[in-house]
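In what follows, chains carry the letters A, B, and so on, assigned in the order in which the sequence lines appear, proteins first and then strands, with residues in each chain numbered from 1. Predicted model only: the values in this text are computed from it and were never measured. What's counted below: heavy atoms across the whole structure, side chains too, no hydrogens, waters or symmetry copies.
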Amino acid sequence: MKYLEEKILKIIMICAAVIILAVLLFIISTVFYRGLPALSLDMVTKLPGGGFYLGKEGGVLNAIVGSIYIIVGSLVISIFISVPLVLYINFYLPAKSVFSSVIRFSLDILFGIPSIVYGAFGFSLMIYLGLRASLLGGILAVGMLIMPIMMRSFDEITRLLSRDLPDALLSLGSTKYEMAKVILRQLMPGLVTAILLAIGRGVGDAATVLFTAGYTDNIPSSLNQPAATLPLSIFFQLGSPVEEVQNRAYASAIILTVIILILSFGARYFSSKFSKNKI
Amino acid sequence: MIITSHRLQENENITFPDTKEISPLKKLINSQSIRIENLDVYIENQHILKDVNLIIPEKKITCIIGPSGCGKSTFLKTLNRMHDETPEVKISGKIFVDDENIYDNRVNIIDTRKKMGLLAQRPCPLPMSIFDNVAYGPRIHGMKKKKTINQTVIQYLQYVGLWDEVRDRVRTSATRLSIGQQQRLCLARGLAIEPEYILGDEATSALDPLSTKKIEELFVKLKEKYTIILVTHTLRQAKRIADYIIFMYLGKIIEAGPTEEFFSNPKKQLTREYLSGSFS
Amino acid sequence: MLGIAIFTILLLIIIGLSLFFKALPIMREKNLWVLLTSAQWKPFKGDFGFLPFILSTFYVSLIAIIIALPFSILTSIYLNSYASKSVKKFFEPVIDLLSGIPPIIYGVWGTLTIVPLIANKIAPKFVEFSTGYTVLAGGVVLAVMIIPLLISIMVEVFRSIPKEMIDASLSMGATKWQTVKKVILRKSISGIIAATVLALSRAFGETMAVLMVCGNITQIPHSLFDACYPLPALIANNYGEMLSMPSYESALMFSAFLLFIIVVLFNGISRFTLIQIEKRYQF
Ligand SMILES: Nc1ncnc2c1ncn2[C@@H]1O[C@H](COP(=O)(O)OP(=O)(O)OP(=O)(O)O)[C@@H](O)[C@H]1O
Ligand SMILES: [Mg+2]
């Protein structure tokens with residue numbers, strides 16, 4: 001009886017895992033099947049020409065560059081905010097302080113706030129400040145979106161380490177400077193994982209940049225010009241009735257996925273390199 | 001009766017004082033003891049246990065001693081087939097329990113484990129109440145009636161002397177007990193599956209002297225009904241409670257024999273060195 | 001650094017307050033109860049009933065979690081307790097890959113496959129006609145999206161269970177499944193709840209993927225095969241163009257505020273229940 005139960009459940013579990021695998025394959029193959037034929041060098045090297053959305057010549061370089069600008073900008077901002085904060089919570093505040101749990105709780109909520117809310121909030125903030133949809137607006141909104149993601153995952157890893165690491169080191173008789181060095185090296189993989197997660201969410205999110213970054217067929221040359229982004233570009237191309245343009249949307253989807261994959265595998269590679277020379 | 005050697009055929013070379021009563025081989029065939037033949041264990045291609053041949057006597061306490069890393073825990077795990085959970089471990093050889101080779105494909109792992117109550121180094125209560133911890137074994141083996149479960153739980157809690165200490169809070173979490181109480185709870189939990197053998201892997205090393213004493217007394221009481229195999233690091237404990245001693249070194253059985261004989265008159269040079277504490 | 005710490009807390013308060021004040025005009029104009037329970041949505045006539053959007057959000061997320069939870073739990077258990085090392089190694093990047101795929105691509109996939117599948121194959125068995133852009137489509141796409149999130153958290157949760165505990169159960173002759181059922185799941189219940197809450201709040205707020213497949217028709221959906229219009233889609237579709245109408249803008253900000261409140265409540269409640277659970281069964 002219990003053996004039968006065991007067997008049946010094992011089969012069900014394998015089925016569940018296989019279905020998930022199949023769905024993943026299905027998603028990727030659908031996108032590639034429709035998008036690959038439309039993928040060309042022009043797609044990644046040219047701006048949308050006149051009548052691009054009606055099926056004429058051009059590419060999505062504007063969106064690629066825009067997306068990269070925005071993610072790099074917002075990453076820089078959020079790294080500068082998250083790293084000190086996480087170190088502060090974990091190494092300066094006592095382990096069970098009320099303040100740190102208040103911070104963690106508000107991080108949890110910030111983490112849960114939907115991207116569309118950040119978008120709407122960012123936009124109303126920009127109107128208040130007299131800004132128009134621009135690269136800067138996109139960077140700020142995406143920055144708000146990914147900051148809690150980074151903080152939370154970085155904090156989680158740091159918390160595991162901070163519990164016993166400093167004691168162990170001090171009892172070994174190392175100086176504060178050496179200690180800081182070792183801790184940072186230990187934390188590096190955690191930080192990289194956090195960045196990786198943040199990039200994944202940030203690059204792919206359309207709802208935040210929908211109002212804040214605007215959309216343009218050109219590459220922005222300053223912070224107050226609007227910037228195109230890949231997810232929006234995909235969305236607009238999909239909205240076109242022309243089949244060719246729709247196929248180009250799938251091609252752009254491939255580009256977006258590949259960018260994210262390159263970024264995350266790069267991050268993974270670095271994190272494994274760092275963790276190799278742990279103490 | 002303990003026999004150790006490279007091959008069973010060489011048994012004649014080793015004599016134990018009390019072998020006169022029954023011929024060892026004959027006894028092992030009809031008794032519920034454990035007989036191990038040519039046991040080799042490899043973990044990730046490392047040879048951990050090397051050609052172990054042993055007989056473990058029935059209803060006695062057998063202590064395994066030896067330096068850290070010599071394979072004591074590995075050996076215990078082969079007895080209740082816990083190695084089956086880790087694919088890196090390769091086992092060859094035969095272990096007869098009740099005259100049945102437990103590594104035979106026809107033998108059910110679960111039945112084997114049910115015969116062996118394991119007491120781990122550190123007490124590990126399951127994430128449930130004290131009552132449910134003890135009832136866990138009977139329940140998974142199909143006991144349904146509330147009344148019988150109740151009786152069983154109380155019986156075994158009384159047996160390990162825990163009942164009076166916890167009778168008011170058997171429905172509360174088991175993790176709130178002291179470590180010594182937890183270990184006795186784990187013993188009760190193990191006994192509740194009605195095993196024939198009790199395996200203890202340094203079962204008292206995490207405990208204070210008083211709790212240790214309680215557990216030791218329990219073991220002595222238990223040997224009337226059970227065959228007990230203990231791994232221990234304290235030679236004094238082995239001296240106190242063991243009937244037989246097995247000394248292992250680097251995955252090999254070096255020497256084995258009745259406790260008094262083993263301590264007063266060790267046969268091998270290695271054993272003498274170990275007993276005199278010149279290595280650890 | 002103290003400044004930054006205060007900044008994060010302030011940011012939360014600022015977001016909440018500014019959404020609140022932006023939503024205040026509409027809440028002044030209309031009774032809050034009417035806003036929440038009326039199904040009348042005619043912005044140009046000044047009727048703002050959010051019930052269709054609230055219900056849509058709720059239904060889509062509910063379906064998503066109902067589909068995703070069993071799959072994720074089963075798969076994570078499989079990966080944790082049954083799968084061989086090579087299977088685990090193989091699955092790790094797959095889950096990473098799935099969680100790296102941006103929502104818009106799930107949306108694309110949904111329009112290409114799930115929507116026609118529902119329109120042509122599934123819906124005809126139950127209703128006369130459906131475009132395929134439905135509650136069900138939104139739920140399925142959302143489910144596929146949150147599964148990797150759930151799995152990656154749950155695998156972590158299961159992994160944190162001490163091995164001795166599992167060994168203790170196995171060595172008493174429990175089968176693997178008995179061990180899973182009575183020890184592993186029990187020990188990780190709070191982790192599973194936390195993961196579910198996280199996934200649910202992601203589902204509530206997901207915009208693009210759902211917007212692309214759920215039809216965006218203002219109505220109270222009565223079956224799985226009706227179109228629906230969740231709150232985030234409402235904001236995304238209309239905000240930006242409707243700034244000329246103050247009450248409409250305020251209404252949209254009200255929906256953003258609603259989402260915000262839902263997330264705050266969710267976090268609060270889940271934290272509270274988790275503490276209760278841990279207190280009750282402090283195992
Ligand atoms: N899972 C494993 N993978 C690799 N090697 C292992 C594994 N388990 C045990 N070993 C090796 O097997 C040998 C015996 O280990 P075992 O735990 O049986 O020693 P022990 O005698 O119980 O030591 P101690 O007294 O410290 O508990 C050791 O050299 C150990 O490194
Ligand atoms: Mg050991």
Side-chain angles (χ1 to χ4, degrees), chain A residues 2-3 5-6 9-10 12-14 16-17 19-21 23-24 26-27 30-31 34 81 84-85 87-89 92 99 102-103 105-110 112-117 120-121 123-125 144 151 200 203-207 210-211 231 234-235 238 249-250 253 256-257 260-261 264, chain C residues 1-2 4-5 7-9 11-12 15 18-19 22 70-71 74-75 77-79 82-83 91 94 96-106 108-109 111-113 144 147 151 175-178 198 201 204-208 212 232 235-236 239-240 252-253 256 259-260 263-264 266-267 271:
Chain A
K2 60 189 175 194
Y3 303 108
E5 195 184 347
E6 172 103 29
L9 273 147
K10 193 168 173 189
I12 295 176
M13 280 181 227
I14 292 177
I19 289 174
I20 288 175
L21 266 188
V23 169
L24 171 76
F26 189 31
I27 293 176
T30 338
V31 174
R34 294 286 297 261
I81 297 181
L85 180 76
L87 295 182
Y88 176 71
I89 302 179
Y92 285 78
F99 190 46
V102 170
I103 297 175
F105 185 57
S106 54
L107 277 184
D108 275 0
I109 297 177
L110 283 174
I113 292 179
S115 54
I116 186 79
V117 174
F121 169 72
F123 187 51
S124 61
L125 193 71
M144 280 193 286
M151 285 181 182
V203 176
D205 199 88
L210 186 59
F211 320 119
I234 295 169
F235 189 61
L238 267 186
Y250 305 128
L256 177 54
T257 315
I260 290 180
L261 288 186
S264 30
Chain C
M1 290 209 242
L2 179 65
I4 294 176
F7 165 77
T8 40
I9 299 172
L11 180 64
L12 181 65
I15 293 177
S18 71
L19 291 177
K22 285 268 179 179
F71 271 105
L74 286 170
T75 307
I77 291 175
Y78 175 70
L79 289 180
Y82 289 84
F91 250 87
V94 168
D96 275 0
L97 192 70
L98 265 172
S99 43
I101 295 177
I104 193 112
I105 288 173
Y106 285 101
V108 169
W109 171 73
T111 21
L112 276 178
T113 58
V144 176
I147 280 176
I151 292 181
T175 62
K176 264 189 181 166
W177 175 245
Q178 283 172 328
L198 198 67
S201 53
F204 276 135
E206 178 46 41
T207 313
M208 285 323 226
M212 291 165 80
I235 306 174
Y239 197 65
L252 292 179
M253 279 318 233
L259 284 174
F260 178 82
V263 169
V264 173
F266 234 79
N267 266 288
R271 188 157 286 224

Which atom of [X] lies closest to which atom of [Y], heavy atoms considered:
X: A/S106; Y: C/L12; result: CB-CD2, 3.5 Å
X: C/P103; Y: A/G204; result: CD-O, 3.8 Å
X: A/A206; Y: C/M208; result: CB-CG, 3.4 Å
X: C/M253; Y: A/A120; result: CE-O, 3.8 Å

Chain A contact via [X] - which portion, at a heavy-atom distance below 4.5 Å:
X: C/K176; result: both
X: C/I9; result: both
X: C/T207; result: side chain
X: C/L112; result: side chain
X: C/L198; result: side chain
X: C/T175; result: both
X: C/F266; result: neither
X: C/Y82; result: side chain
X: C/F204; result: neither
X: C/W177; result: both
X: C/I147; result: side chain
X: C/L19; result: side chain

Among [options], who wins on heavy-atom pairs under 4.5 Å with chain A?
options: C/I151, C/I77, C/V144, C/T113; result: C/T113
options: C/F91, C/Y106, C/F260; result: C/F91
options: C/A83, C/P232, C/A236; result: C/A236

I need the [X] [atom1] to [Y] [atom2] distance, nearest 0.5 Å.
X: C/K22; Y: A/F121; atom1: NZ; atom2: CZ; result: 10.5 Å
X: C/L11; Y: A/I81; atom1: CG; atom2: CD1; result: 8.5 Å
X: A/L107; Y: C/N267; atom1: CG; atom2: CG; result: 11.0 Å
X: C/T75; Y: A/I19; atom1: OG1; atom2: CD1; result: 8.5 Å
X: C/T8; Y: A/L110; atom1: OG1; atom2: CG; result: 7.0 Å
X: C/L74; Y: A/L9; atom1: CG; atom2: CG; result: 7.5 Å

Top contributor to chain C interface from [options] [non-hydrogen pairs under 4.5 Å]:
options: A/S115, A/G200, A/P231, A/A249; result: A/P231
options: A/L210, A/I12, A/V117, A/I27; result: A/I27
options: A/F26, A/Y3, A/F99; result: A/F26

Side-chain contact test, heavy atoms from C-beta onward, threshold under 4.5 Å: evaluate it for [X] versus [Y] and give yes or no.
X: C/V263; Y: A/P114; result: yes
X: A/D108; Y: C/R271; result: yes
X: C/I104; Y: A/L238; result: no

* **Toward chain C, the part of A/I109 with a non-hydrogen atom under 4.5 Å** => both
* To do: Apply side-chain contact (heavy atoms from CB on, under 4.5 Å) to the pair C/V108 and A/T30, showing each step before the final yes or no.
  => CA-CA 9 Å; C/V108 169; A/T30 338; over 6 Å; no
